[in-house]
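Residue numbering restarts at 1 for every chain, and letters A, B, ... go by the order of the sequence lines. Values in this document were obtained by computation on a predicted structure and should not be read as measured data.
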There are 2 protein chains.
Amino acid sequence: MDDEKRGDGRLLRGRRTREAVLESAVALASVHGLDGLTFARLAEHLGVSKSGLFAHWKDKERLQLDAVGWARRQWTEHVMGPALRAPAGVRRVFALHEARLAFYAGGALPGGCFFLAAQTEFDDRPGAVRARLAESLHDWLGFVRSLLDEAVTLGELPAGLDTGQLAYEIDALGESTVVHARLVGHDLTYARARRAVLERLRGLATDPAVLPEG
Amino acid sequence: MDDEKRGDGRLLRGRRTREAVLESAVALASVHGLDGLTFARLAEHLGVSKSGLFAHWKDKERLQLDAVGWARRQWTEHVMGPALRAPAGVRRVFALHEARLAFYAGGALPGGCFFLAAQTEFDDRPGAVRARLAESLHDWLGFVRSLLDEAVTLGELPAGLDTGQLAYEIDALGESTVVHARLVGHDLTYARARRAVLERLRGLATDPAVLPEG
DNA sequence: AAAGAATAAGTGCGACCGGTCGGTTTTATG
DNA sequence: CATAAAACCGACCGGTCGCACTTATTCTTT
């Protein structure tokens with residue numbers, strides 16, 4: 001991460017290609033998994049030679065770690081970002097859930113969800129990759145919880161609410177969307193995931209009217 | 001499936017070894033995925049030669065399909081079975097959820113959940129394996145729903161309840177347990193998953209007293 | 001005792017894997 | 001314009017994969 005020796009087009013170009021490669025890497029990993037993220041596959045997908053990739057990542061683990069980092073950037077931009085543009089409180093919580101579903105439904109990642117694929121693969125394989133994935137999940141749950149805490153502070157959710165518990169539920173209802181959408185049906189699944197969280201929040205909110213009806 | 005040519009111990013023995021192999025195959029696949037279920041790995045794990053396995057399954061896909069079938073048998077026995085021994089109605093629904101959590105927590109499968117691993121791997125790979133996984137998920141959701149319908153019929157859940165919706169929620173809250181337990185913490189995760197479904201059912205039940213309190 | 005199927009084992013092939021190496025092109029700097 | 005650094009490439013290595021083919025060995029039925 002020590003790029004940017006001002007005005008050096010070589011480094012700039014290098015960074016651009018790195019990011020372009022990572023964009024593809026995350027997309028490929030969402031389909032084939034982080035283990036199926038092969039240098040050969042990645043190179044072919046980009047129309048690039050395999051060895052050219054080794055100039056940027058000395059081994060596969062580095063590539064995997066950077067892919068996790070890039071997936072987090074994507075997630076921050078496309079899921080957390082839109083939520084933060086909604087009014088704070090219970091509406092922001094629901095906006096977060098909807099942004100997540102929109103991100104899945106939008107098909108930005110052909111495999112559905114990078115993190116689900118990576119976590120199910122690495123949750124039982126000790127190492128740096130697992131550690132970063134665990135950290136990612138921890139941070140994500142912390143973010144959901146922080147929005148819930150905010151809603152409590154604003155008085156839109158009841159005081160004393162177990163926000164950690166609710167954060168788990170919201171995450172679970174969003175996450176299982178990925179597989180269900182592809183194996184059961186997209187529209188039906190997203191409708192159910194949306195409704196589940198909406199009804200849950202409406203049931204808890206001090207003023208359910210601020211949330212959409214259906 | 002044309003075993004059992006009356007009294008022929010060879011076929012019987014063949015079936016037994018097949019089942020022993022499948023038991024290991026499902027366990028291995030829960031860790032390394034259905035793709036990571038290689039003949040070499042399976043043979044080594046069993047202390048058997050690779051070629052001996054080819055006598056039973058001519059190619060990898062056959063093995064994968066049979067592994068799915070065996071995982072379904074396990075699931076039927078260890079998750080659906082205990083539930084059916086609980087009194088019908090809302091208690092049976094919750095017993096199903098608890099049996100699932102117990103199955104996960106019991107560590108019968110070292111990788112946590114065969115189906116989650118397999119589904120996230122194959123949900124975007126057309127083929128026979130995906131088809132069987134989709135069928136498995138469909139049947140499972142249908143089973144959950146049937147228990148819910150039963151509870152409605154018994155008057156323990158309100159008439160007009162969208163049981164398909166609730167079945168999705170219950171499945172989601174159970175499924176995300178697998179990854180969370182390993183990356184966040186076992187006890188905390190199972191407690192949350194248990195509580196989430198319990199509270200949901202208690203909120204809907206015409207007589208919440210039939211369900212446990214905490 | 002003979003026959004024959006089920007099971008096990010060895011061997012080899014082509015494909016692909018992660019990774020290395022030597023060399024060429026591009027780019028900023030003196 | 002020379003040079004060095006970075007980006008990039010083609011060829012290649014050792015290893016493992018799925019899988020076929022061939023050859024024993026074990027067990028059951030006749």
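Atom-to-atom, CD of B:E44 to C1' of D:dC17 comes out at 14 Å; the value is rounded to the nearest Å. Distance, B:L28 CG to D:dC17 P: 12 Å, rounded to whole Å. For the pair B:H32 NE2 and D:dT16 C1', the computed distance is 15 Å after rounding to whole Å. A straight line from CG of A:L46 to C1' of D:dC9 spans 15 Å, rounded to a whole angstrom. Atom pair B:L42:CG and D:dG18:P shows a separation of 10 Å (rounding to whole Å applied).
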Can you check each nucleotide of nucleotides 12-19 of chain C against protein heavy atoms at under 4.0 Å and return B for base, S for sugar-phosphate only, - for none, in 5' to 3' order?
-----SBB
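Checked against ring pair (Phe, Tyr, Trp, His ring centres under 6.0 Å), B:W70 has no partners two or more places apart in sequence or in another chain. Remark: B:H97 pairs with no residue by the ring pair (Phe, Tyr, Trp, His ring centres under 6.0 Å) rule, at least two apart or across chains. For the side-chain contact (heavy atoms from CB on, under 4.5 Å) test, residues two or more places apart in sequence or in another chain that qualify with A:R200 are A:L166, A:E169, A:L204. Residues that satisfy the ring pair (Phe, Tyr, Trp, His ring centres under 6.0 Å) test with B:F39, not counting sequence neighbours, are B:F54.
Remark: B:H56 is not in phosphate contact with C:dA6, judged by side-chain N or O atoms under 4.0 Å from OP1 or OP2.
Applying the salt bridge (Lys or Arg N to Asp or Glu O under 4.0 Å) test to pairs two or more places apart or on separate chains, none has a residue in residues 104-120 of chain A.
Contact annotation: side chain of B:S51 to base of C:dA8, donor-acceptor pair absent below 3.5 Å.
Between A:R192 and B:D171 there is no salt bridge, since no side-chain nitrogen of the basic residue lies less than 4.0 Å from a carboxylate oxygen of the acidic one.
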